[in-house]
Each structure stands twice: as C-alpha cells, then as structure tokens.
Amino acid sequence: MNSILKCENIKFSYGKTEVLSDLNFSVNTPSITGIKGPSGSGKTTLFGILSGLLNPDAGKVYLNEIDIYKNYKNKILARKKIGLVFQNYNLIRELTVFQNIQIVEDLVRNNRFKIEEILEKMNISDLKSRYPDQLSIGQRQRVAIARALCGNPSVILADEPTGSVDPSNKKNILELFLHIKKVGIPVIISSHDQTTFEFCDKVFSINEKLLMEEYT
Amino acid sequence: MKKKNFILSISLAFTKKNKKHFLIPFISILIGTMGLLVILSVIRGFNDYFVESITSFFPHILIEGSSDNSIKETEKIISVSFKEGVILKNGEFSGIMQLSSDNSGLDNFNEFIIEGKTPQDYDEIAIGKVLSDELNAEKGDTVQIFSIKNNLQPETQNYKISGIFESGMYQYDSSFILNKGDDLHWTAIYLKNPLKADDYIKNIEGNAVTWTEMNTTFTSAIAVNEFFAVIISLFVLVIAGFGIMNSTLFSVLTRKREISILSSLGFTYRQTSLIFIIQSFLISISGIIFGLLIGFLVLAIIQNIQIPLPSDVFYIKYLPVKTHLSDILLTVSIEIGISMIFSVLPARRAGKIDPMDVLKSE
Ligand SMILES: Nc1ncnc2c1ncn2[C@@H]1O[C@H](COP(=O)(O)OP(=O)(O)O)[C@@H](O)[C@H]1O
Ligand SMILES: [Mg+2]
C-alpha cells in the first residue's frame with residue numbers, strides 16, 4: 001500500500017544538540033495519529049521537517065511517494081499539499097477570516113472544498129468578515145483548521161493545536177479533526193495532553209530522539 | 001489572472017496597515033514627480049521657444065548652388081546669399097549679417113515685419129527691432145553699410161530703411177538685415193519639421209549646412225539644459241529610490257511572521273517578494289498621481305501669473321512652460337522603474353526569512 005506521508009532515517013540537530021536521531025514513521029490511511037512528548041522533545045522540529053519547512057540533516061521525507069526535499073519545486077508542492085495548524089495563532093492580521101482562507105484556495109486552486117461549506121462545517125460562517133484580532137483563541141484555531149482544509153491537503157499536521165485553548169473549547173476543536181478524518185484526510189496531532197490522545201487511532205511518543213509506537 | 005489577485009490583495013492589506021510608514025517615500029516620489037514635471041516643462045518651454053524662434057526665421061537647410069530635389073516635406077524653398085558688414089548711422093555702428101534674397105524670397109519674412117515692409121528695391125533694407133533701437137534708426141531713415149566686396153575692395157553703400165522686423169531671437173533682431181540682391185548662390189529650405197534637418201542633410205551631396213549647425217550657441221544651450229534636467233532628475237529620483245528601498249526593507253523586516261506564514265502555506269520566494277514589490281509599486285503610483293496633479297497645478301499657476309524674466313538676460317518676457325506628453329510618460333516610467341529597481345533588492349530579503357519561524361512560539 002502506498003504511503004501518504006512517510007519519513008525514513010531522519011536525523012536533525014541544532015548545532016551540536018541532536019534532537020532527532022534515525023526517526024522512521026509513516027501514515028497510510030485517513031486516521032488520527034498522535035505524537036506524544038514533553039516540551040522540548042522535538043515535536044515541533046519533527047513537524048517542521050514533515051511539512052517541508054526544515055531540511056533534515058539526513059534521511060528522506062516522502063509525500064505521496066515524492067521526495068519533498070529533492071528540490072525547491074517539490075518542497076513548495078509539499079507545503080501546499082500539507083495543511084499546517086500551529087500551536088499559536090497563525091493567521092494574517094491584516095486579512096479577514098475569509099481572505100485568510102481565500103489566499104490558500106487561490107494559491108492551491110482547490111476545487112474540492114468551497115470556502116463557504118468549510119466555514120459552515122467549522123461553525124465560523126458568521127465570523128468571515130472579522131479580523132483575527134477580533135476573535136477568541138478557540139475561534140482562531142477553527143479558522144486555522146478551515147484554512148488548512150481549504151487547500152485540499154493530503155494530510156493535516158497540527159502542532160499542539162489545543163495548547164493555548166481553554167478546556168471547554170478543546171473538545172470542540174478535537175471533534176473537528178474527527179470530521180476531517182471522515183472526509184478522508186489523515187491528521188497528525190502533537191500534544192502532551194491526554195485528552196488529545198483519546199481522539200487518536202494511534203499514538204507515537206518521542207523517546208530518546210526516536211519515535212516509539214505506544215498503543216493503538 | 002486570478003493567481004495574481006490574491007497577491008495583490010495581500011499587498012493592499014499590508015499597505016493599508018502600514019500607511020503611515022510609507023508617508024516619506026510617498027512624499028518623496030510626489031515631490032520627485034512634481035519637480036521633474038515642472039523642470040521638464042520649463043526646459044521644454046525654453047527649448048521650444050528657441051527652436052520655434054530660430055526656425056521660423058532662419059532657413060533650416062542651406063545648400064550651396066541651386067537646389068536638388070532630394071528633400072521631401074519642404075515648406076518653402078528660396079534663394080539667398082549672406083555677407084558680413086558694418087552698419088553706420090549718425091556715428092553709431094554695429095556689426096551685421098546681410099541676408100539678401102529676391103522679391104519672393106523676401107516675402108517669406110513678411111510675417112516678422114512690425115513696421116513698414118520688406119525691401120522692394122536694391123537700395124532698401126529691413127532691420128531688426130533691437131538694431132533699430134540701438135541705432136535710433138526708424139523706418140524711412142537712411143543708413144550706410146560698409147562691407148568688403150569679393151575682390152577685397154571695401155565698399156560703402158547707402159540704404160533706406162523700408163521696415164523693421166522682429167523675429168523673437170535677440171541674435172537676429174540685433175544683427176540681421178534683409179535686402180534685395182541678385183547674386184544668390186545659396187538655396188534656403190524651410191522644412192515642415194525643422195528637427196529633421198540633420199537627417200536630411202546626410203543625403204545631400206555638396207556643401208550644405210543646417211540651422212542647428214549655424215546656431216550652435218543655442219543648440220548647445222539646449223543640450224546643456226537637457227543635461228542639467230537629467231542631473232537634477234537623477235538626483236531627485238535617487239532620493240525617492242532610497243526612500244522606497246528603506247521602507248520596503250522596513251516592511252519586510254517587520255513582517256517576518258506573515259512572510260513565514262505565507263511560505264509555510266506554499267508561497268514561493270518570488271510570490272512573497274512580489275507582495276512587497278507590488279506594495280512599493282502601489283505607493284509609487286499614488287505618489288506619481290498626486291505628483292502629477294500638483295505638478296499640473298503648479299504649471300497652470302506659472303502660466304497664469306506669468307513669472308517675469310530679467311529682460312537683459314532673456315529675450316522672452318515670461319517663464320515659458322510647455323508640457324509634452326512624452327515628458328509625462330518619461331517622468332512616470334522613470335519613477336516606476338526606480339521604485340521597481342529599488343524595491344526588488346529589499347523585497348528579495350522576504351525570500352530569505354525562515355518559514356520555520358511560524359512553528360516557533362512567540
Ligand atoms: N532554533 C533552535 N536552535 C537551537 N535549539 C533549538 C531551536 N529550536 C528548538 N531547539 C531545541 O530543540 C529541542 C526540540 O525543540 P522543539 O522541536 O521545539 O520541541 P517541542 O516542540 O517538542 O517542544 C529543544 O531542546 C529546543 O530547545
Ligand atoms: Mg513545540
């Protein structure tokens with residue numbers, strides 16, 4: 001079976017500090033995968049490598065069997081085909097909610113999802129002409145998820161998406177990932193929080209710079 | 001087309017947010033455009049005035065001997081001859097250039113006659129307005145002209161002033177006299193477009209000169225004018241250019257976060273840079289539009305209040321302005337070009353910003 005996202009023998013160090021050593025991992029089906037690890041264990045670094053933002057020191061990353069670090073073109077393609085949701089609020093302040101999503105749609109030229117439908121699904125239709133600064137943290141996270149989805153991604157990577165969200169909103173946001181999985185898009189979520197992993201089909205933990213499967 | 005739309009909308013949004021920051025480059029482009037337009041229009045006004053004054057009076061091409069017909073688009077062809085001499089009246093004297101022609105050739109100068117008429121007979125002359133004032137010579141007066149004949153014998157002849165002319169050029173009005181003559185060995189051609197004289201003369205065999213060669217003082221003055229216009233313009237433009245460079249760089253550096261978000265979404269180096277290039281383009285365009293508007297206003301004012309020029313230096317009474325469409329286009333394209341060139345370098349910095357920054361906490 002073809003993998004959607006796969007990495008092989010990834011090594012990465014910041015200067016002399018090794019963060020990841022010989023890391024292997026793949027996602028083949030529309031599922032929710034959890035990446036578990038305490039703060040500073042290398043989750044963000046791993047996500048950077050998986051999403052085409054950070055060149056690994058060694059090893060390969062494949063998205064739909066394409067080596068994403070082979071050249072600049074592949075890297076850009078990978079960034080378009082991977083929906084990133086960050087821990088922090090990462091919308092463009094000068095653009096409205098709708099425009100934030102629209103730039104991705106225009107860039108990727110997706111015709112699978114309509115912005116209006118996604119806004120509807122994410123329950124943020126009435127926020128579309130607001131600016132990010134006028135939203136709560138939970139609402140911003142919904143917009144970020146909507147934006148990621150709008151590019152019709154092969155996979156969604158969410159780096160501690162509920163990290164700064166209050167507990168009552170946490171579940172709502174996690175349910176959105178269940179919805180995305182149902183649409184047929186695999187999701188990878190990093191966290192150090194147990195509630196998140198209850199939504200996951202599979203959980204890996206970063207231990208000693210390696211990734212270990214924990215439970216299924 | 002749609003692909004560019006979203007880049008434009010991001011540029012617009014960024015520009016709107018940073019409006020205040022772009023005030024300085026906006027104003028410097030505005031002043032640059034306005035200054036350039038006004039300077040070019042004044043220089044053009046002078047140049048056109050000189051060219052018009054010279055070429056309406058002085059023949060555009062002089063060919064020794066009888067005319068050949070190789071020149072097209074001629075307005076008029078007459079026969080003339082030139083002779084230097086000295087004019088005397090009541091003890092006053094002045095060096096002159098005698099332009100002789102036949103009756104039909106002299107008719108050509110009718111339009112410049114402000115008093116009396118062109119010479120009808122061999123013993124009549126017409127003199128310029130300035131010369132007439134200098135010598136205190138009026139229509140009907142008799143003057144003497146001293147010259148050297150072809151056989152090197154000096155000769156003095158009496159002439160009656162049949163009329164006074166005014167060409168608008170100090171040089172002609174102070175030193176040219178018109179008279180009737182027979183021995184006309186130059187063909188004088190007036191073209192529809194005098195500026196083409198130097199092109200035509202290339203194909204002419206034999207001895208031929210153009211008005212530009214005969215009036216080098218003025219044509220080189222025009223060249224100097226244009227040279228200074230270029231220097232001043234470059235100076236203004238470089239200042240505007242640095243303003244643009246500075247603000248684009250500032251804009252890029254204060255938007256690292258947005259740039260890394262865009263890169264993480266799959267924007268290429270070029271697309272992110274383009275956002276900032278378009279931004280500086282938008283500022284330039286608005287600076288240019290306002291610069292042109294204010295420039296036209298200034299020109300309209302100059303034309304209306306008629307700024308007087310010192311009469312001992314300039315022969316024209318008021319500061320002349322004339323705006324050519326080509327000068328406007330030149331101004332606009334230079335300004336746009338400068339803003340592009342000066343924004344590309346700092347905009348490229350946007351491509352160097354680490355997209356990994358988005359994943360890092362603030
Ligand atoms: N730019 C950097 N330069 C040096 N060290 C870094 C940098 N970014 C992260 N690190 C270090 O790498 C390790 C992994 O960081 P990170 O991937 O952010 O972990 P996590 O997301 O699991 O908290 C940490 O020890 C951190 O201090
Ligand atoms: Mg992290």
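Lettering of chains follows the sequences in order, A, B, ..., and the numbering in each one begins at 1. Predicted, not measured: the structure shown is a model, and the values here were computed from it.
Ranking B:I10, B:L12, B:L265 against chain A, the residue ahead of the rest is B:L265, based on heavy-atom pairs under 4.5 Å. Top candidate by heavy-atom pairs under 4.5 Å with chain B, chosen from A:E160, A:R147, A:E94, is A:E94.
The 12-atom threshold is exceeded at NE2 of B:H21, counting heavy atoms of other residues, nucleotides or ligands nearer than 6.0 Å. Within a 6.0 Å sphere centred on CG of B:L345, heavy atoms belonging to other residues, nucleotides or ligands number 12 at most. Atom CD of A:E120 has 12 or fewer neighbouring heavy atoms from other residues, nucleotides or ligands inside a 6.0 Å radius. Annotation: A:K170, atom NZ; neighbour count of heavy atoms from other residues, nucleotides and ligands within 6.0 Å is above 12. Crowding of A:K181 atom NZ: a count of heavy atoms from other residues, nucleotides or ligands under 6.0 Å exceeding 12. The environment of OH in A:Y14 is crowded: more than 12 heavy-atom neighbours from other residues, nucleotides or ligands sit within 6.0 Å. Sparse packing is recorded around CD1 of B:I24, with 12 or fewer heavy atoms of other residues, nucleotides or ligands lying under 6.0 Å away. B:F290 CZ: 12 or fewer foreign heavy atoms inside a 6.0 Å radius.
Nearest heavy-atom pair, A:L53 versus B:M356, reported as atom, atom and distance to 0.1 Å: CB-SD, 4.2 Å. Annotation for B:Y269 and A:Y72: closest pair N-OH, 2.8 Å, computed over non-hydrogen atoms. Summarising the geometry of A:L91 relative to B:R257, their closest heavy-atom pair is O-NH2, 3.2 Å, with the distance given to 0.1 Å. The two atoms that bring A:L84 and B:S264 nearest to each other are CD1-CB, 4.1 Å, heavy atoms only.
To the nearest 0.5 Å, atom CG of residue B:N5 and atom CD of residue A:Q102 are 9.0 Å apart. For the atom pair B:D354 CG and A:L54 CG, the distance stands at 7.0 Å (nearest 0.5 Å). We find the NZ-CZ distance between B:K17 and A:R93 to be 7.5 Å, quoted to the nearest 0.5 Å. Taking CZ from B:F6 and CD from A:E105, the interatomic distance works out to 11.0 Å, rounded to the nearest 0.5 Å. How far CG of A:N90 is from CD1 of B:I261: 4.5 Å, rounded to the nearest 0.5 Å. A distance of 6.5 Å separates OG in B:S9 from CG in A:L95, rounded to the nearest 0.5 Å.
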Derivation of the side chain to side chain contact (heavy atoms under 4.5 Å, CB included) call for B:F14 and A:I92: CA-CA 10 Å; B:F14 282 3; A:I92 292 175; 3.8 Å; yes
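Residue contact with chain B, scored on non-hydrogen atoms closer than 4.5 Å, involves the backbone and the side chain of A:I103 alike. For B:S263, the parts sitting under 4.5 Å from any heavy atom of chain A are the backbone and the side chain alike. Residue A:L77 does not touch chain B at all, counting heavy-atom pairs closer than 4.5 Å.
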